[in-house]
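First the structure, in the form of C-alpha cells, and then the observations on it.
Side chains included, hydrogens not; waters and symmetry mates left out as well; all remaining heavy atoms used. The chain is numbered in sequence order, starting from 1. We count ligands from 1, going down the list as the structure has it; atoms in each ligand are counted the same way.
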Amino acid sequence: MSTVNAVQSPAVGNRLILPESRIPTNWYNIVADLPVPVPPVLHPATHQPVGPADLAPLFPMALIMQEVSPERYVPIPEELRDMYRLWRPTPLVRAVRLENALDTPAHIYYKNESVSPSGSHKLNTALAQAYYNKLEGVKKISTETGAGQWGSALSIAGAFFDIDIDVFMVKVSYQQKPYRRSVIQAYGAAVTPSPSERTNAGRAILAKDPDSRGSLGIAISEAVEVAVSDPDARYSLGSVLNHVLLHQTVIGQEAVDGMAEIGEYPDVVIGCVGGGSNFAGLAFPFLHRTLTEGQQTRFLAIEPSSCPTLTRGPYAYDFGDAVGMTPLIKMYTLGHDFMPPGIHAGGLRYHGMAPLISAFVKTGHIEPRAYEQRPCFEAATLFARTEGIIPAPETSYAIRAAVDEALAAKETGEKRVILFNFSGHGHFDMAAYDAYLAGGLENHKMSEDDLQKSLATLPQV
Ligand SMILES: *Cc1c(COP(=O)(O)O)cnc(C)c1O
C-alpha cells in the first residue's frame with residue numbers, strides 16, 4: 001500500500017487504511033510493562049485495597065478481571081472484532097495540506113478515530129463493555145456523559161446488544177449541545193440532565209446550588225447510585241479505568257502497524273486528555289516499544305488550562321466522583337469538588353486522570369502540557385480548512401500541540417515525525433465554533449485560589 005509517496009503533491013492528502021484482517025486480535029495491557037507498580041485502588045470507607053467482589057455491584061466480572069489483569073495481551077472476542085469491522089481499521093493520514101500551510105519540514109500524521117459511527121474513539125470501548133455486560137445478563141447500564149460523545153457511543157452499543165442505556169448528561173452540555181442529546185435519544189437511550197432530582201446525589205447538589213451547571217463528577221455519582229440500587233443494572237465509565245484504556249489500544253496497535261507500513265516512526269505522539277483514554281489508546285503501544293526496545297519517543301498529553309489536572313494538580317488519592325461514592329484512586333487530581341468552567345471541550349472537564357496515565361506522568365515518560373481554548377480553536381479551523389474535517393473541541397487541543405511541534409521543527413529545520421490522535425469530529429459542536437468565529441470565546445485559566453480551595457477537599461489517606 002504505497003499511499004504515502006505523494007509527498008510532492010500538495011493537493012493530495014495521503015491516507016493509509018489497513019485491510020480488515022489487520023484489526024488487532026488482542027488488546028495491549030501496559031500494566032505488564034509498568035516500570036513501577038500503580039498504587040492500589042482503595043475502599044472509600046476502610047481505605048483498604050478493593051477486591052473484585054467490592055466492584056461487583058458496578059461492573060460485570062469479566063471487566064473487573066480486565067481491570068486487575070497483569071496479562072500483557074487480552075484476546076478480543078471474535079464477535080467484537082466483527083463489529084469493529086464496521087469502521088476499523090481507521091485511516092492513518094499524513095496531513096500534507098496542513099504541513100504545507102505551516103511550511104514545515106515536519107511530517108504530521110493523524111489516526112482518524114472520527115470515522116466511527118458515533119464520531120469518536122469511544123465506540124471502541126462502548127461495544128466491548130456492552131458485550132461483557134450482555135454475557136453476564138445485565139439488562140440496563142447507567143452512565144454519565146460530558147460532551148455527549150460517550151453517551152452516543154454507549155447508546156449505539158445498547159442498541160446493538162439490546163441493553164437499556166440510562167445517561168446522565170452534564171447540564172451545561174445538555175444545554176450547549178441539544179443535538180447530542182437528540183443523537184442519544186435517536187439510538188434509543190434515555191437522557192437526564194445532571195444534577196437531577198432522580199438521585200440522592202443529585203438532590204443534595206441541587207439543595208446546595210439550584211443553578212449547578214453540573215460536572216462529570218456529579219453525573220458519575222448519579223449514574224453509580226442508579227446502578228447500585230438495581231440488581232439488574234450495572235454502571236459504565238467511558239474513560240479513566242484500566243479496562244477502558246485497554247480497549248482503546250486497538251488505535252495504537254493499528255498505528256504502530258500503519259507507521260511500519262509507511263516506513264516512518266513517530267518522534268512525538270500527541271493526544272488530548274480528559275480521563276486519558278484516547279491518548280492512552282494511541283500512545284501505549286508506542287510506549288511499549290519505548291519501555292521494551294528503548295525507542296526514543298516523546299509522549300505529549302494535552303489538557304485545558306481551565307482544567308489543568310496533570311500540569312497543576314497533585315498526585316494523590318481522590319474519589320472518581322463528586323460526592324465520594326467511588327473507590328479512592330491514586331491519580332493527578334484537582335479535587336473531586338472541582339467545578340470546571342463551561343469551556344467547550346466538555347470531554348476534557350474531568351477533575352482526575354487515568355491512574356495509568358498518572359503513573360507515567362509521574363515517571364516522566366509522558367509530558368503534560370496545557371493550552372487555553374482560543375489557540376486550540378484557531379488550530380482546529382486551520383485543520384478544517386486544510387484537511388477538511390471539523391475537529392471536536394477536545395481534539396483541537398491535540399491539533400494545537402501538533403501544530404506547535406511542527407512549527408518548532410521549522411525553527412530548527414528538523415524533519416520531525418509527529419503523530420496525533422484525531423479523537424473525534426465536531427459536527428455536533430457548531431455552537432462552540434459559532435462562539436469562536438463571533439469572537440466570543442473566552443480563555444479561562446484556573447486561579448491559584450480556586451485550585452487551593454478545591455484541593456482542600458482531598459481525602460486524607
Ligand atoms: C471523550 C472525548 C475525549 C476525552 O476523553 P479521553 O478519555 O481523555 O479520551 C477526547 N476527544 C473526544 C472526541 C471525546 O469524545
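Taking the six-membered ring for Trp and the full ring otherwise, the centers of Tyr132 and His243 sit at least 6.0 Å from each other. For Tyr397 and Tyr371, the ring centers are positioned 6.0 Å apart or more.
Counting atoms of ligand 1 from 1 in the listed order, those under 4.0 Å from a heavy atom of Ser423 are 10 (C), 11 (N), 12 (C), 13 (C). Of all the atoms in ligand 1, the ones that sit under 4.0 Å from a non-hydrogen atom of Glu394 are 10 (C), 11 (N), 12 (C). Under a 4.0 Å criterion applied to the non-hydrogen atoms of Gly424, ligand 1 contributes the atoms 13 (C). For ligand 1, the atoms sitting less than 4.0 Å from at least one non-hydrogen atom of Ser239 are 6 (P), 7 (O), numbered in the order shown with element in parentheses. Those atoms of ligand 1 with a heavy atom of Val273 less than 4.0 angstrom away are 8 (O). Of all atoms in ligand 1, listed by their number and element, those nearer than 4.0 Å to a heavy atom of Gln149 are 13 (C), 15 (O).
Remark: distances from the non-hydrogen atoms of His121 to ligand 1 include one below 4.0 Å. The closest approach between Cys272 and ligand 1 falls below 4.0 Å for a heavy atom of the residue.
Looking at Gly274 next to ligand 1, an N or O pair under 3.5 Å apart turns up. For ligand 1, none of its N or O atoms has an N or O atom of Thr395 under 3.5 Å away. Below 3.5 Å of separation, one finds no N or O of Gly238 facing any N or O of ligand 1. For ligand 1, the polar-atom distance check finds an N/O of Gly276 within less than 3.5 Å of one of the ligand's N/O atoms.
If you check the side chains of Ser196 and Glu222, you find a donor sitting under 3.5 Å from an acceptor. Glu99 and Thr104 are not linked by any side-chain donor-acceptor pair at a separation below 3.5 angstrom, with hydrogens and angles left out of the test. A donor-acceptor contact under 3.5 angstrom links the side chains of Trp150 and Thr143, judged on distance only. Looking at Tyr235 and Glu144, their side chains do bring a donor and an acceptor atom within 3.5 Å of each other.
Relative ring orientation between Tyr109 and His107 is described as perpendicular, the plane-to-plane angle rising above 60° on a 0-90° scale split at 30° and 60°.
Counting heavy atoms closer than 4.0 Å to ligand 1, residue Asn278 contributes atoms from both its backbone and its side chain.
The shortest contact between atom 3 (C) of ligand 1 and any protein heavy atom is with Lys122 NZ, 3.6 Å. Of the protein's non-hydrogen atoms, the one nearest atom 4 (C) of ligand 1 is Gly347 O, 3.4 Å.
Atom OH of Tyr179 has 12 or fewer heavy atoms from other residues, nucleotides or ligands within 6.0 Å.
A side-chain hydrogen bond (donor to acceptor under 3.5 Å, both in side chains) with Ser221 holds for exactly one of Asp321, Thr326, Thr199; it is Asp321.
A salt bridge does not link Asp267 with Arg416: none of the charged nitrogens is closer than 4.0 Å to a carboxylate oxygen.
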